[in-house]
Amino acid sequence: MGNSSLQIIAENVSVIASPKTWIEGGAIQQLQTTAKLPGMHRVVGMPDLHPGRGYPVGAAFFSIGRFYPALIGGDIGCGMRLLKTDLSIAKISLDKLVKRLGNIDAPLIEQSDVWRERVRSFQLQDSGFEQSLGTIGGGNHFAEIQQIIEVFDQDIFSAHGLDRKQVMLLVHSGSRGLGGHILREHIDQFGHLGLAEDDTAAIAYWQQHQQALDFALCNRRLIAERICANLATDAETVLDIHHNFLSEVSIDGVRGFIHRKGAAPADEGLIVIPGSRGDYSFVVQAVRGELASHSLFSLAHGAGRKWMRSECEARLKQRYTAAQLSRTALDSRVVCHDKGLIFEEAPEAYKPIDSVITSLQEAGLIKVVAKLKPLISYKTSGGCCV
DNA sequence: ATGTGC
């Protein structure tokens, strides 16, 4: 049976996207180039697919016998953490929350002895990047206060302890400088050739990769704790999912490696797929349908960029001032005192999240559980004045 | 993406 959300590009290259989903030609080209790497057996673009530095973002790659650290990229362990706070929607004021949130950009270990001890309590392996723990970083990373505005599957919703009356917190960050450092050292030594699975360097990479995953997970947890402390609330974690990582798996009895680059796993429980700061986010459950293995047990990780960062300011500054961009069409607040980022991360720079969710739904890969509306998107309090 | 590269 055909599926309008499955686009076959070549024998081992496909994209999960409805015909109306924005897919850049350059991203397809990168996908095809990647498919030709030695040992590469299948590549799949997700509906949020877009061009990256050499390799596409929003895709999963399955190789046999060797793997490619460059495909995972520099932000090893980047991911999403979703929490249900103790704040009740009915009682909050957004202006007050923005004020209470304050500035969360400085190193957490420098905030107090209590925080320093808290960071130490995770007993992370020494990395040299400890001062980045508890900080969001730049680019597309953010923390967002959200409200659940629609529930599509009450059973799954309740089973995960979700509650429409409670304020939600979403944290998107990764391994900061650590992952980049690991990739750079790898590339300096091996270029883009990848590693044979039984090479001693492969064992070393696995160790460093794990360190970055641990660091990134801990970072998101610390960011959430820091935000909750500022907001004088507590929170329960609903999910925490990496979308940049390598895993060793068997697909249809064939052992190999799934590289996920901006792709959420479909086999680790509930997933959140956020839209841009001016769009909704969706909590979804993966469905093990016909296309589950074809799509390498992966899902989109967000809306996906539509415009390159470098072109955003030129395209938008005629239409909006930076100050206007600190409010969105959904009436949410944007905390981003960095003039470059405010344009680069404008809602217009991203695909409509609807097209991404619909594509996954039509492909039979997800069941939509709930829809969340942004209230406050926090990027940074530093940088240039806005 | 990046306690950032030319």
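Values reported hereafter were calculated over all heavy atoms of this structure, with side chains retained and with hydrogens, waters and symmetry mates removed. Convention: sequence-line order gives letters A, B, ...; per-chain numbering from 1.
Rounding to whole angstrom units, CZ of residue A:R309 and C1' of B:dT4 are separated by 14 Å. In this structure, CG of A:N244 is placed 14 Å from C1' of B:dT2, rounded to the nearest angstrom. The CD-C1' distance, from A:E344 to B:dT4, rounds to 13 Å in whole Å. The CD atom of A:Q131 sits 13 Å away from the P atom of B:dT2 (whole-angstrom rounding). Rounded to whole Å, the distance from NE2 on A:H172 to C1' on B:dT2 is 14 Å. Taking atom CD1 of A:I187 as the reference point, atom P of B:dG5 lies 15 Å away to the nearest angstrom. In this structure, A:R305 places its CZ atom 7 Å from P of B:dA1, rounding to the nearest Å. Nucleotide B:dT2 holds its P atom 11 Å from the CD1 atom of A:I136, rounded to whole Å.
Contacts of A:G74 with the nucleic acid, taken as non-hydrogen atoms under 4.0 Å apart, are absent. Within 4.0 Å of A:G128, counting heavy atoms only, lies at least one base atom of the nucleic acid.
You'll find the ring centres of A:Y55 and A:H192 inside the 6.0 Å limit.
Using a 30° and 60° split on the angle between ring planes, A:H259 and A:F61 fall in the perpendicular class, above 60°.
A close approach under 4.0 Å does occur between a side-chain nitrogen or oxygen of A:H141 and OP1 or OP2 of B:dT2. Residue A:R176 places at least one side-chain N or O under 4.0 Å from the OP1 or OP2 atom of B:dG3.
Side-chain N/O atoms of A:S298 and A:R260 include a donor and acceptor closer than 3.5 Å. Between the side chains of A:D75 and A:H141, at least one donor-acceptor pair of N or O atoms lies under 3.5 Å.
When each of A:G180 and A:R184 is assigned the nucleotide of DNA chain B with its nearest heavy atom, A:G180 is the one assigned upstream, toward the 5' end.
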